[in-house]
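Here is the naming used below: chain letters follow the sequence lines, and residue numbers restart at 1 for every chain. What you see is a predicted model; the values in this text were computed from it and never measured.
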2 protein chains.
Amino acid sequence: MNPNDLNERKLQILQAIIADFISTGEPVGSRSLSKSHDMGISPATIRNEMSDLEEMGYLTHPHTSAGRVPSDKAYRLYVDELMDTSQLDEADKQKIRTKLMESRNELDSTIEHAAELLSDMTNLTSFVLMPRKDESKLKYINFLPVDSNTVVLMIVAEDGQVMNRAIRLTSPYTEENLQLMSKVMTHNYMGKSISAVMAMDIIDSFTNDMESLSSLAADVVPSFLKTLEKMLNADLVMNGYSNIFSLPEFSGDMQKTQQFLRMLEDKNRLTDVIVNRDKGVMITIGDENSEDMKDLSLITADYRVNGELVGRLGVIGPTRMKYGKVTSVIKYISDNISQTFELKENNDIKEEIENDGSTEADS
Amino acid sequence: MNPNDLNERKLQILQAIIADFISTGEPVGSRSLSKSHDMGISPATIRNEMSDLEEMGYLTHPHTSAGRVPSDKAYRLYVDELMDTSQLDEADKQKIRTKLMESRNELDSTIEHAAELLSDMTNLTSFVLMPRKDESKLKYINFLPVDSNTVVLMIVAEDGQVMNRAIRLTSPYTEENLQLMSKVMTHNYMGKSISAVMAMDIIDSFTNDMESLSSLAADVVPSFLKTLEKMLNADLVMNGYSNIFSLPEFSGDMQKTQQFLRMLEDKNRLTDVIVNRDKGVMITIGDENSEDMKDLSLITADYRVNGELVGRLGVIGPTRMKYGKVTSVIKYISDNISQTFELKENNDIKEEIENDGSTEADS
DNA sequence: GTTAGCACTCAGGTGTTGAGAGTGCTAACA
DNA sequence: TGTTAGCACTCTCAACACCTGAGTGCTAAC
C-alpha cells in the first residue's frame, strides 16, 4: 500500500516498467527491461524484484510466459509519486495559446477549440462541459410573435445566458396577451434562480390569478419548464472519439471498441459522471471508476470564468495513457481558458494591445 | 441497363437474391436459393440465370466458390422497381406518432426525437438537418449587458430563430452606447436576409459614420458576423452511430468501421453532402455516392414546417440495407413532422382536443 | 430449354509444429 | 546474504497442412 514499502530499486524498476508499457503497450519482460534501461542489474535480479512487486499488487501477468503489466495500483502510485507533469515544451504551449486566442472573445468557441486541442494533443477522446448555470438568476422572460400560431420563448439570465425555443400554440394569441405574459413572468421570476423557479407551482398561479392568460399559459408553461431544465443541463462537447482506433488495446478488440463507443453515446450518463467529480485536477484510474469504465482512466480539470468555477474538461482513454503529458496538457488548457476569461481588471496587459486607443465608451 | 432486358424469371431470381442477401448478409448460392424460395426450378437452371445476371452487371462474385452478391446496379433496380415501400405496420406507425406527439409544440425536440426514432427503427445511423435559414430575414439585434466587460449579442429573425453569443469587450461600454448600437444595427439590418447582411461592409459603416461606436463595433462586429454564419450553417443532429457494430459488414472489419466513424465525425463535410441532395425522397447507392461513401447508401427526405421546405432527415448505412422498410420509415416520419407543423388552419381537428375551451385569446 | 452429374475452386475451421519471449527455481558465486 | 547464470518449463503466436462445405461451370442427357 504505502510506497515506502518499496525500496529505491523497486521503485526504479516499477517506474521503468510503467514507462515502457505506456509507450509500447506490450507486457515488459525482465530481459528487455535490463537492456532498454541500463540499471547495472541482471535480468534475474529484475525477475526477483518483479516477483515481489507482483506479490505486492503492483504488477500483473497476462499469462505465465508473458512480461509484466502495471496494475491500476501501480498507475496510482505512478500518478501520485513518480510522473513528470511538466512535459509540455514551448511549441505545445504556443499551439495551445494560439488556438485559444483565436476566439478569445467568445466563450463558446473557445471551449470548442479547447476540446479539439485536447483530443489532438493527447490522441484520446476529449470532452468539455459547458459552463454550469444552476445558480444563475433569471433576468427577463420574453415572447416574440413569429406567425399566427407560433411564438418564440426567450429566457435571459443575469449571467448573460440566453435560451430560446419555438412554441406552437394550440389556440391563437393576441399581441397584448403575449406582452402581458412576458411582463407577468418576468415580474414573477426575475432575480430568482433557475432551480428555484422550477420548484414553484407555475401553472396554478396562472389558472387562479390570471384567467385571461390561462389558455396561453397552458401552452407555454410546459415549454418554459423544459427550457429551464435544458439551461440546467450542462452541455457536453466531445471530440476525437475515433482516436481510439489507433490504440492497440482497442484496434484488436471489436467488442471493447463497441463498448467504449456505446458508453460515449450515453451523454447523460457521462455528463453525470463528469459533473460529480472533485474540483481541481482529478485522475481516476481503472477500477477507481464505475463498473462500465473499469479499464479506462479519466482525467478532468476545471476552468473558471471571471474567477468563478464554471466548467470542466478532460479526457477519457485506456488506463495505459501518458499521464504526465496528458495532465500537463489539461492543466495548461484549463489555466489558459481561466486566464483568458479572467476579470478584466486583472489582465489589462495583453488585451489592450488590440485596442488602438480610440476608446470613447466608459462605464 | 434497361430492366426490360430482364425477363420475368430473371427478375424474380434477382429479387429473391437481393431479398436473401439483405436479410442474411451472406452471398447467396443457387442451391440455397432454390430451397428457400420455391420457384419450381432446379439449382442448375438458377445457376444459368445467375450467370446471365452477372454478365449483365447485376450480380458479383466475391470469389469463385462463393454465392452471388447484388451489385449497386441491382440495388438501384430493386429500389426503382421491385421494393415494397409500404412495410410499416400499424404498431410502427403508432410508435412514430406517439413519440413525435410527445413534443409536438417544440420543433427542436421533435427533430431530436425524429432522429432517435429513425436510428432505432432502422438500426442504422440517422441524421436530421435542423431547419435552414438562408433566406430568413433579421428582425432585430440586441445587446444585453452582463458584467463590466461582457455583453450578450442577440439576433432575432422573423421566422422566430434566435441566436445569441457572449462577447467579451476589450474596452468598457456604456449602457447608452449599447442601446445605440442595438438601435443602429436593428435599423440597418432589419428585414434583410442573413446572407445579404453578411455581404455588406459592416465595419466600414461604423468607422465612418458613427465614430463614438467604432471601438464597440470593433469588438462586436466580428462576433456578429460569426453568429450570422452560425445561423446559416444548418445544424446536424446524429443518432445511433454505434449501431453499425451489429452489422456483419462492419463487425468483422475494424478498418472499415474506423473509416465509417471518421467519416461521420467530419460533420461539415456530411452536412454539405446532405444539404446538396435532391428534394423529396432520395436514395443513393454505393458508387452513386462520392468516393468516401462508395460502399454506403444514403436515404434522405425533406420535412416541411408551415408548408415550407426547411429541413432534411435520413440514414446512412451499408449498401445492404432494408431499403423498403427504411424508406417507409423515413417517409412516414418526415410526413408526420410536416403534418405536425402544418399551418394551424389545416389541422384544427386533432389539435383542438387538447384545448379545453377556455380560450380567451384571439388574433 | 431444363436438369443431373461431376470436376474444380476457395474460404474458413482445425490441428500441429516450431520459434520466441518470458518465468521460476536452483545452485553457484562474491 | 544478495546476486547471478543456467536450465527446464510455459504459453502465445504465426505458419503450415489438411479437410470440409458451399458453390460454380461445364457437359451430356432428358
Side-chain angles (χ1 to χ4, degrees), chain A residues 5-14 16-18 20-21 23-71 248-249 251-254, chain B residues 6-14 16-18 20-21 23-71 248-249 251-254 256:
Chain A
D5 294 354
L6 301 173
N7 59 34
E8 188 55 37
R9 195 170 69 184
K10 280 199 174 58
L11 264 183
Q12 200 188 343
I13 290 177
L14 185 56
I17 292 175
I18 295 175
D20 273 22
F21 184 70
S23 68
T24 67
E26 301 288 316
V28 3
S30 55
R31 200 179 151 72
S32 60
L33 192 71
S34 85
K35 270 184 195 164
S36 61
H37 302 249
D38 182 28
M39 43 181 93
I41 231 175
S42 83
T45 311
I46 295 178
R47 273 205 292 284
N48 288 332
E49 296 288 32
M50 279 176 159
S51 181
D52 290 354
L53 284 167
E54 180 159 5
E55 210 166 297
M56 298 163 98
Y58 290 105
L59 296 177
T60 51
H61 236 174
H63 56 85
T64 333
S65 73
R68 298 310 210 288
V69 168
S71 67
E249 29 269 278
S251 62
D253 189 338
M254 204 70 170
Chain B
L6 300 173
N7 60 33
E8 189 56 37
R9 196 171 67 182
K10 279 199 174 58
L11 265 182
Q12 201 188 342
I13 289 177
L14 185 57
I17 293 176
I18 296 176
D20 273 21
F21 185 70
S23 69
T24 66
E26 300 290 315
V28 5
S30 56
R31 201 179 151 70
S32 61
L33 191 71
S34 84
K35 271 183 193 163
S36 61
H37 302 248
D38 181 29
M39 42 181 91
I41 231 176
S42 83
T45 311
I46 294 179
R47 274 207 289 285
N48 289 332
E49 297 287 34
M50 279 176 159
S51 180
D52 291 354
L53 285 166
E54 180 159 4
E55 209 166 301
M56 298 162 97
Y58 290 105
L59 296 177
T60 51
H61 236 173
H63 57 85
T64 334
S65 74
R68 297 312 211 286
V69 168
S71 66
E249 31 270 276
S251 62
D253 189 340
M254 204 70 172
K256 226 174 150 181

Counter-base of [N], judged by Watson-Crick or G-U geometry with both distances under 3.5 Å:
{"N": "dC30(D)", "answer": "dG1(C)"}
{"N": "dG25(D)", "answer": "dC6(C)"}
{"N": "dG15(C)", "answer": "dC16(D)"}

Can you tell me the distance, in whole Å, between the [atom1] atom of [X] and the [atom2] atom of [N]?
{"X": "Met50(B)", "N": "dA22(D)", "atom1": "CE", "atom2": "C1'", "answer": "12 Å"}
{"X": "Glu49(B)", "N": "dT2(C)", "atom1": "CD", "atom2": "P", "answer": "7 Å"}
{"X": "Leu59(B)", "N": "dG23(D)", "atom1": "CG", "atom2": "C1'", "answer": "14 Å"}
{"X": "Asn48(A)", "N": "dC25(C)", "atom1": "CG", "atom2": "P", "answer": "10 Å"}
{"X": "Glu26(B)", "N": "dA11(C)", "atom1": "CD", "atom2": "C1'", "answer": "12 Å"}
{"X": "Leu53(B)", "N": "dG25(D)", "atom1": "CG", "atom2": "C1'", "answer": "16 Å"}
{"X": "Ile46(B)", "N": "dG25(D)", "atom1": "CD1", "atom2": "C1'", "answer": "15 Å"}
{"X": "Phe21(A)", "N": "dG22(C)", "atom1": "CZ", "atom2": "P", "answer": "13 Å"}

Open item on the list: Check Glu54(A) with Arg68(A), please: is the shortest side-chain N to carboxylate O separation under 4.0 Å?
Closed with: yes

Within the side chain of [X], is there an N or O that forms a donor-acceptor pair under 3.5 Å with the backbone of [Y]?
{"X": "Thr45(A)", "Y": "Ile41(A)", "answer": "no"}
{"X": "Ser51(A)", "Y": "Arg47(A)", "answer": "no"}
{"X": "Ser71(A)", "Y": "Gly57(A)", "answer": "yes"}

To the side chain of [X], which of [options] is closest?
{"X": "Arg9(B)", "options": "dG24(C), dG25(D), dT2(C)", "result": "dT2(C)"}
{"X": "His61(B)", "options": "dA11(C), dC11(D), dG25(D)", "result": "dG25(D)"}
{"X": "Arg47(A)", "options": "dT2(C), dC11(D), dT23(C)", "result": "dT23(C)"}
{"X": "His63(A)", "options": "dA11(C), dT3(C), dC11(D)", "result": "dC11(D)"}
{"X": "Ala44(A)", "options": "dT12(D), dA5(D), dT23(C)", "result": "dA5(D)"}

So does [X] reach the base of [N] with its side chain, donor to acceptor, closer than 3.5 Å?
{"X": "Ser65(A)", "N": "dT10(D)", "value": "yes"}
{"X": "Arg31(B)", "N": "dG23(D)", "value": "no"}
{"X": "Thr64(B)", "N": "dT9(C)", "value": "no"}

Task: Minimum heavy-atom distance Thr60(A)-Pro62(A), with the two atoms named - done: O-CD, 3.9 Å

[X] vs [N]: side-chain N/O to OP1/OP2 distance below 4.0 Å:
{"X": "Ser42(A)", "N": "dT4(D)", "result": "yes"}
{"X": "Ser32(B)", "N": "dG23(D)", "result": "yes"}
{"X": "Arg68(A)", "N": "dA21(C)", "result": "no"}
{"X": "Ser30(A)", "N": "dG22(C)", "result": "no"}

- [ ] Evaluate the criterion side chain to side chain contact (heavy atoms under 4.5 Å, CB included) for residue pair Glu26(B) and Val69(B); output intermediate values, then yes/no.
- [x] CA-CA 8 Å; Glu26(B) 300 290 315; Val69(B) 168; over 6 Å; no

